Amino acid sequence: MEKQFTIKNPQGIHARPAGAIMKKANEFTNATISLEFNGRKVSAKSITGVLTLGMKAGDNVNVIAEGDQAAEALEAVGAVLESVLD
């Protein structure tokens with residue numbers, strides 16, 4: 001399952017929001033969650049992977065989730081991507 005979300009944080013995805021994405025993704029032990037941006041796909045459970053995407057405000061990113069908790073994980077990670085964290 002896949003859904004597109006828009007980065008709303010004016011500073012983009014830096015260390016703090018990337019950590020929040022990773023933390024939320026790791027809550028779903030029965031799901032594989034990936035982020036896809038500019039042709040690159042990384043695990044949402046890896047802060048390093050999330051940071052390497054270099055997502056900025058206004059960018060669209062696809063969240064891809066598989067497994068028993070896929071639907072819940074997709075929406076939860078998407079909500080963090082679209083939140084404004086300092």
Side-chain angles (χ1 to χ4, degrees):
M1 113 183 318
E2 182 174 338
K3 186 173 178 181
Q4 189 174 81
F5 295 91
T6 302
I7 305 300
K8 296 190 177 160
N9 189 334
Q11 289 83 34
I13 302 300
H14 54 82
R16 189 168 295 129
I21 292 165
M22 180 200 70
K23 184 177 178 182
K24 183 57 69 177
N26 278 304
E27 290 178 13
F28 299 95
T29 56
N30 292 324
T32 301
I33 310 157
S34 302
L35 303 179
E36 189 173 55
F37 177 70
N38 279 347
R40 296 181 54 216
K41 185 175 177 180
V42 301
S43 171
K45 295 181 179 185
S46 165
I47 192 168
T48 305
V50 173
L51 285 170
T52 62
L53 293 177
M55 297 175 287
K56 299 182 181 352
D59 287 342
N60 293 317
V61 59
N62 289 325
V63 178
I64 303 156
E66 299 172 355
D68 294 340
Q69 298 175 301
E72 185 181 357
L74 184 79
E75 293 303 325
V77 171
V80 176
L81 282 166
E82 290 192 330
S83 66
V84 177
L85 300 169
D86 291 334

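Remember, it's a predicted structure, so these values are computed and weren't measured experimentally.
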(message) If I compare all heavy atoms of P17 with all of G12, which pair ends up nearest, and what's the gap?
(response) CG-O, 3.9 Å

Between side-chain atoms of residues 1-8 and protein atoms elsewhere (two or more places apart, or another chain), which donor-acceptor pairs fall under 3.5 Å?
from	atom 1	to	atom 2	distance (Å)
E2	OE2	N62	ND2	3.4
K3	NZ	E75	OE1	3.3
K3	NZ	E75	OE2	3.1
T6	OG1	N60	OD1	2.6

(request) Compare all side-chain heavy atoms of K23 with those of V80 and state whether any distance is below 4.5 angstrom. (result) no

(request) Find the distance between CD (E27) and CD1 (I33) and round it off to the nearest 0.5 Å. (result) 9.5 Å

(message) I'd like to know if the side chain of Q69 and the backbone of N30 have a donor-acceptor N/O pair within less than 3.5 Å.
(response) yes

(message) What's the separation between atom CD1 in I13 and atom CG in D59, rounded to the nearest 0.5 Å?
(response) 9.0 Å

(request) Mind listing the closest non-hydrogen atom pair of A31 and A70 along with its distance? (result) CB-N, 4.3 Å

Donor-acceptor contacts under 3.5 Å from residues 46-55 side chains, at least two apart:
from	atom 1	to	atom 2	distance (Å)
S46	OG	G49	N	3.0
T52	OG1	R40	NH2	3.2
T52	OG1	G49	O	2.7

(message) Given I21, which partner from the list V61, N26, L35 fulfils the side-chain contact (heavy atoms from CB on, under 4.5 Å) test?
(response) L35

(request) Answer with yes or no whether the hydrophobic clustering places L81 together with V42; edges join I, L, V, M, F, W, Y residues whose side-chain heavy atoms lie under 4.5 Å apart. (result) yes

(message) Checking the side chain of K45 only, and the main-chain atoms of F28 only, is there a donor and an acceptor separated by less than 3.5 Å?
(response) yes

